[in-house]
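One structure below.
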Protein chains: 2
Amino acid sequence: MRSKASPTITTIAEAAGVSIASVSRVFNGLPVRAETERRVLAAADRLGYVPNAVARSLKSNRTQQVAFAVADIGNPVYLAMLREIQPVLKAGGYRLVLHSTGADVGEEIEVLRGLGRRHADGLIISPIRVTGELLREIDGLTAPAVVIGSLPDGARVDNVRADSRTGIDLALRHLADLGRRRIGFVNGPLDTVPGRHRDTAFRAAMARGGLPVDEGLVHVGAFQRDTGFEATRRLLDRSPGPDALLCANDLIALGALDALRAAGRDVPGDVAVVGMDDTELAAVSWPTLTSVSLGSAERGRRAAELLLDRLRTPDTGPPAQVITVAPHLVVRASTSGGDR
Amino acid sequence: MRSKASPTITTIAEAAGVSIASVSRVFNGLPVRAETERRVLAAADRLGYVPNAVARSLKSNRTQQVAFAVADIGNPVYLAMLREIQPVLKAGGYRLVLHSTGADVGEEIEVLRGLGRRHADGLIISPIRVTGELLREIDGLTAPAVVIGSLPDGARVDNVRADSRTGIDLALRHLADLGRRRIGFVNGPLDTVPGRHRDTAFRAAMARGGLPVDEGLVHVGAFQRDTGFEATRRLLDRSPGPDALLCANDLIALGALDALRAAGRDVPGDVAVVGMDDTELAAVSWPTLTSVSLGSAERGRRAAELLLDRLRTPDTGPPAQVITVAPHLVVRASTSGGDR
DNA sequence: ACATCTACCGTAAACGTTTACAGTCGTGCC
DNA sequence: GGCACGACTGTAAACGTTTACGGTAGATGT
């Protein structure tokens, strides 16, 4: 065990017989005489000195931390982002402070305020509901922030978004190519950004493909497995029933697979199933799940890179970038029975 | 946009015509005259003042942050821990700094050193390889830390561990009850803590059950799906082949299921499969996977609670607690074909 | 009228750094 | 020898808070 109070730059200066400025210089790699460096390092080693990052932060006004705020870190989509963001930030010399807000706007606002308190130098946030209050708070930020997920035009903050419109188009085209006509849609809440976008996109894509939307085959619930299960059971009761299901995320799709199996329907023979987000679950389920990848990982990476750019050049730089990540369809067994 | 430099306690004091001490008191809820409070709050509001957390940390010597270090945050086991740890810390008023070290001992040591630099007030770490250097570094810590995963006796740090011995015992007993005798074992690297423990536990449990260990049915690889797939293919080539497989984690078990399906074997008819860790993947696979839960979530929660206790009472308290979380077996379709 | 008490408030020091500025000392050049 | 210069080094101020301490004003009691 070391001495009671941890040694500071002053302790070391005394022990080494130099000034605190010299100690500081040694630890910052500024030029000093070899002899001075030797003595400082010896004293520091002997007394177990470690520089205090808080004091340094106070002077430099930088914490070397970035906050990442999501609704629920258990959600594989956010996890995929996190896995990309973390190494990028680490490489840039920043630590990552994780906030899981439970989709509570109040908590999200707390995180935004935390940025003002200098908890972190920058922020990546992926809000699931974008309220006016949240937008105002974001606009008032003075530190750099990047929002993952679509924002209304005119927001003065960098924005990395998915393109669910194109993504859903890809999925429906694929189903149409397979000859499916009666396509059901199981969605999450319409007051969330993804829910709303996916609903609009579904209707637009159906129209574009010349397919009528049967409201009886459209179900709105939560982004959960239960919803997929219940909704599918209900849709299967209708006649004519669906010959394909588009699910607004992979969890819903897994529930749909459960329900179809329970009802003795063959996938994809009787009903083809497409999920969204292309999470790791899609590769594990049986049958494996065709899924629309909205590029979560890439969105995370781009967001982190964008933020690092902003942090490097604190002058305002270009006004507010919007990056849209292209989606792609990952075809697996639930639509194209061939491969496992 | 606000004025250029963000206002400090001094700015507010001047604007409100009071001293900086009064401003501080208002923001710390210390008693002040109502009129003073009103004026301070008005000035603060008008100028957009927010207290600087770094300066506060410097005075108080507390960052209100806790670091959590794991090998790979993509691993569902660590994710399960994280999901429990995060809310506990948040409730205790601490932010969570996440470190994903890529199983690199050097990086883990960096995190430990970061604690010395006062990046955080405490640390939860789950090292996968426990080297002497790491142990020495942990022993030298001055801030509270909790290690998730087994530590050698005598380590002077709180420790929350799993009980893979009992867990594997449960699994093998279950398989024995189902009449399985030729039990294969696919493990991860033996130089990791879990790998080593699971190897020892497997041999001990087999011995206890009076079952001989056929070395031809034991395979060591990585904790990955590929390993499960390749190992199982190889084990199936032997004759007599296994009638059950114990896999050292769920990913390996998923690979085993793939290989069995590819080989046309019925699960659990021909071969029963048991995974470990009971991750969310186990509930999604087909057939769903019987798995030994080592209580990742509970371990995370207990670790966080333990750390909060230490942080609350900075006096040393009880010397070094060891908590062992009891495992349990979650029986699903891969051993007991009945239910889906 | 005076002492005493209460309730606030302000001054200044401290937390552990970084860094502008000025000082010191030895060297090389005329 | 005197001077300029370069290479280091030290002093002190600053970063934005918290808080110990002492001071002031009014209220209360005698």
Side-chain angles (χ1 to χ4, degrees), chain A residues 2-41 43-44 47-64 114-121 142-143 314, chain B residues 2-41 43-44 47-64 114-119 121 142-143:
Chain A
R2 302 291 181 191
S3 55
K4 11 204 88 185
S6 45
T8 75
I9 216 178
T10 314
T11 329
I12 303 307
E14 282 166 7
V18 301
S19 77
I20 62 167
S22 290
V23 179
S24 173
R25 284 191 265 260
V26 167
F27 279 93
N28 288 23
L30 297 174
V32 289
R33 201 156 36 121
E35 164 66 7
T36 306
E37 171 162 23
R38 203 190 49 68
R39 284 187 12 221
V40 167
L41 289 181
L47 300 177
Y49 167 76
V50 271
N52 182 318
V54 176
R56 182 186 297 228
S57 286
L58 180 59
K59 269 305 283 186
S60 63
N61 203 18
R62 322 177 82 252
T63 59
Q64 301 297 97
L115 202 54
R117 308 199 139 129
R118 298 270 144 70
H119 286 161
D121 297 337
T142 145
Chain B
R2 302 292 181 188
S3 55
K4 11 203 87 185
S6 45
T8 74
I9 216 177
T10 314
T11 330
I12 302 308
E14 283 166 7
V18 301
S19 77
I20 61 168
S22 290
V23 180
S24 173
R25 284 191 265 259
V26 167
F27 280 92
N28 288 26
L30 297 174
V32 287
R33 202 155 36 120
E35 164 66 7
T36 306
E37 171 162 22
R38 204 190 50 65
R39 280 178 26 212
V40 167
L41 289 181
L47 300 177
Y49 167 76
V50 271
N52 182 318
V54 175
R56 181 186 297 228
S57 287
L58 180 59
K59 270 304 285 188
S60 63
N61 203 18
R62 321 178 83 253
T63 58
Q64 300 298 97
L115 203 54
R117 310 198 137 129
R118 298 271 144 73
H119 286 161
D121 297 338
T142 146

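Only this structure's heavy atoms are used, side chains among them; waters, hydrogens and symmetry mates stay out. Chain A is the first sequence line, chain B the second, and so forth, proteins listed ahead of strands; every chain is numbered from 1.
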* Structure fact -> Scanning both residues in full, the closest heavy-atom pair of A:I12 with A:V40 reads CG2-O, 4.0 Å
Show which side-chain atoms of residues 55-64 of chain A pair as donor or acceptor with protein atoms under 3.5 Å away, not counting sequence neighbours.
unit_1, atom_1, unit_2, atom_2, d
A:S57, OG, A:A53, O, 3.1
A:S57, OG, A:R62, O, 3.0
A:S60, OG, A:R56, O, 2.9
A:S60, OG, A:R62, N, 3.4
A:R62, NH1, A:Q64, OE1, 2.8
A:R62, NH2, A:Y94, OH, 3.2
A:T63, OG1, A:Q65, N, 3.2
A:T63, OG1, A:D121, N, 3.4
A:T63, OG1, A:D121, OD1, 3.0
A:Q64, NE2, A:G93, O, 3.3

* Structure fact -> The correct set of residues in residues 18-30 of chain B placing a heavy atom under 4.0 Å from DNA chain C is B:V18, B:S19, B:I20, B:A21, B:S22, B:R25
* Return the minimal non-hydrogen interatomic distance between B:P7 and B:Y49, and the atom names on each side. => O-CD1, 3.3 Å
* B:N61 CG to D:dT19 P: how many Å, rounded? -> 12 Å
* Write down the atom of B:I20, the atom of B:I9, and the distance for their closest heavy-atom approach. => O-CD1, 3.8 Å
* Asked: Is the closest basic N to carboxylate O distance between B:E37 and B:R33 below 4.0 Å?
  -> no
* Asked: Taking all non-hydrogen atoms of both residues, which atom of B:T8 and which atom of B:T11 are closest, and how far apart?
  -> N-OG1, 2.9 Å
* Structure fact -> By nearest-heavy-atom nucleotide on DNA chain C, the more 5' of A:S60 and B:A34 is B:A34
* To do: Specify the closest pair of heavy atoms between A:V18 and A:R39, including all atoms of both residues, with the distance to one decimal.
  => CG1-NH2, 3.9 Å
* Contact summary for B:A16 and B:A43, nearest pair of heavy atoms -> CB-CB, 4.0 Å
* To do: Scan B:P31 against the nucleic acid and name what it touches under 4.0 Å (heavy atoms): base, sugar-phosphate only, or nothing.
  => nothing
* Nucleotides bounding contact with chain A, strand DNA chain C, heavy-atom threshold 4.0 Å -> C:dG16 to C:dT19
